[in-house]
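The chains referred to below are lettered A, B, ... by the order of the sequence lines, with proteins before strands, and numbering in each begins at 1. These numbers come from a predicted model, not from an experiment.
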Amino acid sequence: MTTLFDDLPLRGLDPARLPTAVPPRTDDDSGWQADRAARADALLEGLNPPQREAVLHHGSPLLIVAGAGSGKTRVLTHRIAHQLATGRVRPSEVLAITFTNKAAAEMRERVADLVGSAARAMWVSTFHSACVRILRREHAAVGLRSSFSIYDAADSQRLITLVTRELDLDTKKFPAKGLASRISALKDELVDPEAYARSGDADDVLASVYARYQDRLRQASAVDFDDLIMRTVQLLQAHPGVAEHYRRRFRSILVDEYQDTNHAQYVLVRELTGHGDVREDAVPRAELTVVGDADQSIYAFRGATIRNILEFEADYPDARTILLEQNYRSTQTILSAANAVISHNPGRKPKRLWTDAGAGAKIVGYVADNEHEEARFVAQEIDRLGDDDGVRPGDVAVFYRTNAQSRALEEVLIRVGLPYKVVGGTRFYERREIKDAVAYLRAIANPDDDVNLRRVLNVPKRGIGDRSEAMLAAFAERERISVGAALERVEEAPGIGSRGVTQLQGFRELMTGLRELAAGGAGPAEVLGAVLDRTGYLAELRASDDPQDASRVENLAELHAVATEFEQAEPDGDLADFLERVSLVADADQIPAEDVADGAAEGGPREDQGVVTLMTLHTAKGLEFPVVFVTGWEDGTFPHMRSLADPDQLAEERRLAYVGLTRARRRLYISRAAVRTAWGAPNEFPASRFLADVPDELVDWRRRESSMAALRAGGSGWGGGASAWGRGGGGYRRDDDGGSVIGSGRPPRRADADRSGGTPPRTARGSSSPKASAPIPTLAVGDRVTHDSYGMGRVVALEGSGPNAVAKVEFGTHGTKRLLLRYSPVTKL
DNA sequence: ATGGAAATACTTTTT
DNA sequence: GTATTTCCAT
């Protein structure tokens, strides 16, 4: 979808990227009618037959099953342009929904290339942005301020912590995180607190937390991410007039990444298209187009249901389905590997990507002894490709399963001097100083936003302690007003010492002054500047000699730059508009759209070679790179430990592998490390089960086995033994379980030595770790144990094995704990 | 009320 | 190993 590298020559591989023959629409309308048919036809040029069909289809709902790299964005944009060109739909009647803001921006741009300025009238946005837009327009109907706050995951966890405290629940026993994810899951299913309480198997604690949480959100005029969707659906269902307005407005609705939609989003689409409305006089249903690929569904953990795409034809009985299987991105070798890996997923609709681009280079495989060696190999190859093949750093991406894995790679890239950039990780808007600054802005825009007000009440330190805060909150509670409103009447609140009252008054004056500034028409940047100044936040950071604080100042400067930029782009935007933007950014949005590898073209400065991009496999979805490294192919790393036991989660991991492999255009590398340091201690990891699914003839193994495995297999020394990892060696391939694809029943891991049948299995797994550790107790469910601080307990569940084994232990009065056995002082009785 | 030390949990993946 | 949280001393 994203085309960071359109400028790269990819010989004969890319008919879909030929320049389009459609001239931008001029403002001279006289020729418009006459040109219409010609324009519409021109949009079909350069498309293959199924793509053409997908553009032409109209009348009934359309599902486009678009394999990776099959030109789906091209089809979508051409379809929109075609709908406009034939006059069936006007620009303002188009609603195109994507997964990320970046994808939305790209789609808008590419439609604009086809239809010109008319693109501006369309809604091209994410689910969340579209819902914010609707909710802000209809805020009165849902009982929100127009400047309502949007809480991110951290904000809602904060609020949940407050709620559990208020309910006198043990925050240890009911961690906010767990409650938050369960509430989120309920919202994804459109279950509101009342409905949940009424349902048969409701958990009392969850029900009361959920009800109170939702109440507090309402009081604070705030919504969380899931509310954006749920409350929009509720709005449309409760107010037929409003629903009708939007049904009349949107005549063509297109949803990208449909496999990632959850139930709430599914219902939202039905509401908007009017498919739920069976009345005689209903607005005619909007044209519905969904695009997706079940094999690329990697967000089930967040509530996405493949069901939505698998059952599309059942949900919309007259639906038409079109398959796009021709790939314009990768070589056949890469596609064959990806097809082979994904084909092991059970219950999948068959689909095989193909290309006429030829086989291309073999996939390069590498087994490193540890993650540093793996990183070294990656860096060395990037360097070599630069010399031999003219590959620029900007052409290369390195993927990994979890963010923590970026560290070893970064260390090596810094050492060898390769420029790189990590996408994601600790996100900009999650940094403490940014959250603090944004919290001020939110509290200014929305005086009832208690979570954010309380966050900054004593930041920077101004002598307002827990006690004063608690008294103020208690007063607010009694008066049934928000803490913000209570602050206006601090003098009436009992139990606050005179110093506390003074401090709170000072804070109140501060906020009042800032609100006046904002109300007086100051832009977001000016308000932000005033916040940083008047609160003393910036002064405090500047005064500090902690180098971390220096970088905090820089981050705040960057936020200020973002605000300034926003003011220039949206001169009419107010603080609430800015906050909306800030609340809905994602990792993937931070990937530079064009400048990564541009500029090195003819005449450009030689230095501008772009930078190597490091990111997780999840973030990589939708992107493509000429050269891709997928690292960490180890059972326990990828597939991740926590998915090994569950076939569904394992299937999702496999889809993740599929996504990773299909990002590569020309060259693909897969690597693993035999030993990887996680949580501070080195562990041995066996080869990923997914590796065995990559056909051996597609892979050029540069190194087939780790030194350790070679030794164990009876090799005669270090490094030398060609027998150890040369051709015929008993490499990674497993003969004993090649056919087992689900792997739910078997032990999650086994040592390499077990497989090659050489040395007998070592007694304590993980003992090969350089750091000899205390023996890890072998536990079984039901065992009784003692813990140095929790006392006696009983094992109720086990996860993983070896050094990373985690036991869930019930400790009577101390509740149930998840313990990483390696670190926990537990003894078997 | 605040700051520092010590304990402790943590690692999927994110709109 | 790191970031956050908790506890204790001031």
### Query
Mind checking what makes side-chain hydrogen bond (donor to acceptor under 3.5 Å, both in side chains) contact with A:Y151, not counting sequence neighbours?
A:D449
### Task
Applying side-chain hydrogen bond (donor to acceptor under 3.5 Å, both in side chains), name anything that partners A:E554, two or more places apart in sequence or on another chain.
none
### Task
Please check the phosphate of C:dT4 (OP1 and OP2 only) for any side-chain N or O of A:R432 closer than 4.0 Å.
no
### Task
Provide, to the nearest angstrom, the distance between the CD atom belonging to A:Q259 and the P atom belonging to B:dT15.
15 Å
### Base of B:dT15 and ring of A:Y299 stacked, centres under 5.5 Å, planes under 30°
no
### Task
Compare side-chain N and O positions of A:N403 against OP1 and OP2 of B:dT11 and report whether any pair is under 4.0 Å apart.
no
### Query
A:Q405 near the nucleic acid: base, sugar-phosphate alone, or nothing, with a heavy-atom cut-off under 4.0 Å?
nothing
### Query
In terms of the nearest nucleotide of DNA chain B, which residue is placed more toward the 5' end: A:F99 or A:Q649?
A:Q649
#### Entry: Qualifying residues under side-chain hydrogen bond (donor to acceptor under 3.5 Å, both in side chains), relative to A:S406, sequence neighbours excluded
A:E410
### Message
Distance check needed: B:dT14 C1' versus A:M615 CE, whole Å only.
### Response
15 Å
### Query
In whole Å, what is the span from the CE atom of A:M641 to the P atom of B:dT11?
13 Å
Enumerate the protein-to-nucleotides 1-4 of chain B contacts in which both atoms are nitrogen or oxygen and the separation is below 3.5 Å.
{"residue": "B:dA1", "atom": "OP1", "partner": "A:G465", "partner atom": "N", "Å": "3.2"}
{"residue": "B:dT2", "atom": "OP1", "partner": "A:G463", "partner atom": "N", "Å": "2.8"}
{"residue": "B:dT2", "atom": "OP2", "partner": "A:N458", "partner atom": "ND2", "Å": "3.1"}

### Message
Can you measure A:E580 atom CD to B:dT15 atom P for me and round it to whole angstrom units?
### Response
16 Å
#### Entry: Between C1' of B:dT15 and CD of A:E430, the distance in whole Å
12 Å
### Query
Under 4.0 Å: is that the gap between some side-chain N or O of A:T616 and OP1 or OP2 of B:dT14?
yes
### Message
Between P on B:dA9 and NZ on A:K177, what's the gap in Å once rounded to a whole number?
### Response
13 Å
### Message
By nearest heavy atom, map A:F127 and A:A404 onto DNA chain B; which one lands nearer the 5' end?
### Response
A:A404
### Query
Quick one: is B:dT15 close enough that its OP1 or OP2 comes under 4.0 Å of any side-chain N or O from A:K102?
no
### Task
Could you tell me which residues satisfy ring-ring contact (aromatic ring centres under 6.0 Å, His included) with A:H640, sequence neighbours excluded, listed by chain and number?
none
#### Entry: Nucleotide nearest A:F225 when distance is taken to its side chain, options B:dT14, B:dT15, B:dT11
B:dT15
### Task
May I ask you to say what A:R655 touches in the nucleic acid, namely base, sugar-phosphate or nothing, with a heavy-atom cut-off under 4.0 Å?
nothing
### Task
May I ask you to evaluate whether A:T677 reaches the phosphate of C:dG1, defined as a side-chain N or O under 4.0 Å from OP1 or OP2?
no
### Task
Measure from CD on A:Q157 to P on B:dT14 and round the result to the nearest Å.
15 Å
### Task
In whole angstrom, give the distance that lies between atom CD of A:E653 and atom C1' of B:dT11.
13 Å
### Task
Give the minimum heavy-atom separation between A:T662 and A:Y658, together with the two atoms involved.
OG1-O, 2.8 Å
### ring-ring contact (aromatic ring centres under 6.0 Å, His included) partners of A:F99, counting only residues at least two apart
A:Y299
### Query
Would one find more than 12 heavy atoms of other residues, nucleotides or ligands at under 6.0 Å from atom CZ of A:R455?
yes
### Query
Going by heavy atoms in the side chains, are A:K621 and A:M615 under 4.5 Å from each other?
no
